[in-house]
Peer 1: 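I'd like to ask you about the structure that follows.
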Amino acid sequence: SLVTSLQPQTHDVPGFVDVWDLFGPEYRAHHYRREKHIANSPLFNGLIMVAVVINTILVGVEVDSAKEVMAWDRLGFVAIEAFFCLFFTFEL
């Protein structure tokens with residue numbers, strides 16, 4: 001549980017100090033909350049990685065297909081880029 005994980009641990013080797021003993025319980029609680037944040041989850045990081053790869057591919061396709069094409073002829077790409085812009089903004 002959170003309470004027992006915040007307690008200083010006993011040491012088997014005399015003379016060596018555990019790093020957690022150097023910090024107060026407030027720091028340990030902050031570290032525990034930070035460790036459990038959604039940005040540290042592998043699923044979240046994988047989702048962001050896939051979004052970056054898809055966005056990169058779509059930007060490449062857009063650049064290759066946009067030779068002398070007016071902006072209003074590429075509304076699909078504009079909409080997709082707007083979606084990725086919002087997605088990456090909320091990711092922050």
Side-chain angles (χ1 to χ4, degrees):
S1 81
L2 177 61
V3 175
T4 57
S5 68
L6 297 178
Q7 299 298 323
Q9 303 295 316
T10 59
H11 310 290
D12 295 330
V13 181
F16 288 97
V17 179
D18 187 11
V19 70
W20 291 113
D21 290 341
L22 301 175
F23 299 104
E26 297 85 18
Y27 179 81
R28 289 192 296 272
H30 172 72
H31 181 73
Y32 178 79
R33 284 191 308 273
R34 192 171 184 179
E35 240 179 25
K36 299 299 178 189
H37 194 271
I38 188 171
N40 289 329
S41 79
L43 181 64
F44 179 79
N45 289 323
L47 176 69
I48 298 301
M49 182 181 65
V50 168
V52 168
V53 169
I54 290 172
N55 189 29
T56 304
I57 291 169
L58 288 175
V59 167
V61 169
E62 180 183 10
V63 168
D64 283 345
S65 67
K67 298 176 183 173
E68 298 181 25
V69 177
M70 301 304 262
W72 54 80
D73 294 334
R74 304 179 290 146
L75 287 180
F77 285 118
V78 172
I80 290 171
E81 288 302 316
F83 166 76
F84 277 111
C85 180
L86 287 173
F87 181 79
F88 291 130
T89 299
F90 285 118
E91 177 248 344
L92 292 176

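Small disclaimer: the values here were computed from a predicted structure and weren't measured.
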Peer 1: Should V52 and I80 be counted in the same cluster of Ile, Leu, Val, Met, Phe, Trp and Tyr side chains packed under 4.5 Å apart?
Peer 2: yes

Peer 1: Are F87 and I48 close enough, and set up right, to give a side-chain contact (heavy atoms from CB on, under 4.5 Å), and what steps lead you there?
Peer 2: CA-CA 9 Å; F87 181 79; I48 298 301; 3.8 Å; yes

Peer 1: In this structure, would V50 and F44 fall into the same cluster of hydrophobic residues linked by side-chain contacts under 4.5 Å?
Peer 2: yes

Peer 1: What is the distance from atom CE of M49 to atom CD1 of I54, rounded to the nearest 0.5 Å?
Peer 2: 10.5 Å

Peer 1: Quick one: closest heavy-atom pair of L58 and F77, and the distance?
Peer 2: O-CE2, 4.2 Å

